[in-house]
Amino acid sequence: MVLMTSCVATAQQYKNHKVSRGETVESIAERYNISPDDIIKLNPEARRGVRKNSMLIIPSESITTTSDVAVTFTNHKVRRKETLFGIAKKYGVTQEDILKYNEKVAKEGLKKGDRIAIPKFKNKPVEVKETEESKEEETTKEPSYEIYTVKAKETKWGIAHSYGLTIEELEAINPEIKDGLQIGQEIKLPLRSEKPQVVSTEKYVFYDVKPKQTMYTLTRKFGVSQDELIHLNPALKDGLKAGMVLKLPVEKTETLEVVDAVVVDKFNFIENANPENVSNIVIMLPFKLNEMDIDSVSQTKNKLKKDRLLGLATDFYTGSLMALDSIKKLGLSVNVKIIDNGGKKDATRNAITANDFTDVHAVIGPILDTNVEIVASELKSDGIPVISPLTNKKVDHRNVYQTIPDKKLLEEKMLEFLKQNGQDKNVIIIADKTKAKIKATLQSILPNHKIFNPEEGNYIKPALILPHLKEDVENWVILETDDLSLIANVTSVLNSYATSDKRKIVLLTTNKNSGYDKSANIYNSHLANLNFHYPSNRKPSSLDNQFVQKYKAQYGISPSRTAIRGFDITFDILLRLAYDQNLAKSVRAGTETNYVESKFDYRKKLLGGFFNKGVYIVKYDGLEIKEAR
């Protein structure tokens, strides 16, 4: 609505007021020490009274008159995805003009639904209407744009961020870039008195702010403080708005999905959960209560220490309890039944017979693959999903969900990583005679490779490999062997050159077998110096992780890998059921989820159940292990 009343103002400041129940124009005017006419001048609709939750523009002080600059105002309601730049352009004023007369916008930024005062100065046009003539004039004269040549490693998001535009605004100015930018391409950008430096994708990635997001949700999402976010994006001082492009350091987005330097938002089960869905689950674990004397503390402690299966069950269960508590705090409801299957086949069959599985949406457990086979077979006809938590051995019933990826998926993920990132590296492949198949695959995907064969007896000579290690480029040594003596030999030799000759050497493998952890002759310090990369079904959690801290507070110790897995699996299944109580339909939403240490990306087998493709590539960063990007 356009305010037709003319007035004269000097740096007049305005704020928004949300009408509360029972308020009137008179009471609001009295609150702000102004007259009702002052309010009506800026809010003509208030002549007919005000309604609860409606927004009014309020002058910070009584309107004064002077002969400096004549100005009238347009009352503008902020719409979804509108920006200060876009509104200023629409009305033919500067962003500074709008901020000058709208105190709240200057402090908090634009928000959908806000009403703001747009100044119309005597010698300036009020509004640029999109007539055919004006469009033609804009395209022929183009008085407000400059030509910019796109450089290497620049993206739409980086350019938009640097020039204070949304992606929509940038594409509106340059429709030809909707399908992407090309190096050397010339595009139009708004004129700036000082040319902004376009942010490179080497150190930063970008994020397109979505509707309804707040500073709080973004700081939680990216793991940064509000001050850090504002320091990286000074435009946030003017407020957060949908469509704004934010820049983030690469290291802050290690846990997020990034494609072409842009943080990708995936489907979020928490945001899409239906609070009316009450999930019924069974947790089936081998607690072996029939073998324990519950009245004897010492006997129970001794049993827990010596019985590995019981230890796994107990650890997994503590993690599951933490997940149930987290689900409760989200306002979601779950009915849980705990069943002790004893760990044996007969006891597992008896547990199925003795319990009613009517209306059960999922069974988490049991632990052993042989018992998973029994439970899945018995419940298959009822279509009840059975979640296999701690084994990657295949169980081919259609109602089974294998949560641990098998070794072939780990190998495929690493090969994909090598193919994408190893083309410009000095690649050296070391493989023993038992690894001919993977050696051939590596040769096919890395045409720039060199083969360095071990000597008889499975070892390498330092003097012979040295000429292959370049000083001016990153050396990627791919080691394929299960022989612990060869692993120890190679890591020792490469470590000596990495530390003494200052060569950049990275060690990688498609299969990190258990020998890397068990052999006394394979040193973590060597693997750290070689920035060792390998595929894994888990990423180690940091000590300051929120779950780790809560677990320590609850149980007095740090969580084991099994306890963390109990949390991740239980929390993921319950969130998926809160979205759709048919787990198969929920899985078909096609989203990948990440938790404390585990990633879940379920796919359907052609003749069988579901398997998890959630694999990480991890690396040694010093003595810490982190996800490699």
Verdict with reasoning, S598 to D568, per side-chain hydrogen bond (donor to acceptor under 3.5 Å, both in side chains): CA-CA 6 Å; S598 304; D568 286 350; 3.2 Å; yes

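- Remark: E373 pairs with H397 by the side-chain hydrogen bond (donor to acceptor under 3.5 Å, both in side chains) rule, at least two apart or across chains.
- Atom NZ of K604 is surrounded by more than 12 heavy atoms from other residues, nucleotides or ligands within 6.0 Å.
- Under the side-chain hydrogen bond (donor to acceptor under 3.5 Å, both in side chains) criterion, N277 pairs with no residue, sequence neighbours left out.
- A salt bridge (charged side-chain N to carboxylate O under 4.0 Å, His left out) check over residues 325-338, counting only residues at least two apart or in different chains, returns the pairs D325-K329.
- Legend: residues meeting side-chain contact (heavy atoms from CB on, under 4.5 Å) with E23, ordered by chain and number and at least two apart, are H17, V19, S20, S27, I28, R31.
- A salt bridge links K626 to D621: one of the charged nitrogens lies within less than 4.0 Å of a carboxylate oxygen.
- Residues passing the side-chain contact (heavy atoms from CB on, under 4.5 Å) test with V224 are F222, E228, L229, K252, sequence neighbours excluded.
- Put simply, the residue from E168, K241, E169 that forms a side-chain hydrogen bond (donor to acceptor under 3.5 Å, both in side chains) with T83 is E169.
- Judged as a side-chain contact (heavy atoms from CB on, under 4.5 Å), and not counting sequence neighbours, the contacts of D572 are R576, T593, Y595, F600, Y602.
- Evaluation of the ring pair (Phe, Tyr, Trp, His ring centres under 6.0 Å) test over residues 316-356, restricted to residues two or more places apart or in two chains, returns F287-Y317.
- Legend: residues meeting side-chain hydrogen bond (donor to acceptor under 3.5 Å, both in side chains) with T570, ordered by chain and number and at least two apart, are S320.
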**OP:** Go through D406 and N392 one step at a time and tell me if the side-chain hydrogen bond (donor to acceptor under 3.5 Å, both in side chains) criterion holds.
**Re:** CA-CA 5 Å; D406 64 28; N392 62 2; over 6 Å; no

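- In terms of the salt bridge (Lys or Arg N to Asp or Glu O under 4.0 Å) criterion, residue partners of K408 (sequence neighbours excluded) are, by chain and number, E411.
- Partners of L324 by side-chain contact (heavy atoms from CB on, under 4.5 Å), not counting sequence neighbours, listed by chain and number: L321, V334, V336, L574.
- Applying the side-chain hydrogen bond (donor to acceptor under 3.5 Å, both in side chains) definition to pairs two or more places apart or across chains, those involving residues 545-555 are T318-Y551.
- Under the side-chain hydrogen bond (donor to acceptor under 3.5 Å, both in side chains) criterion, K605 pairs with D396, not counting sequence neighbours.
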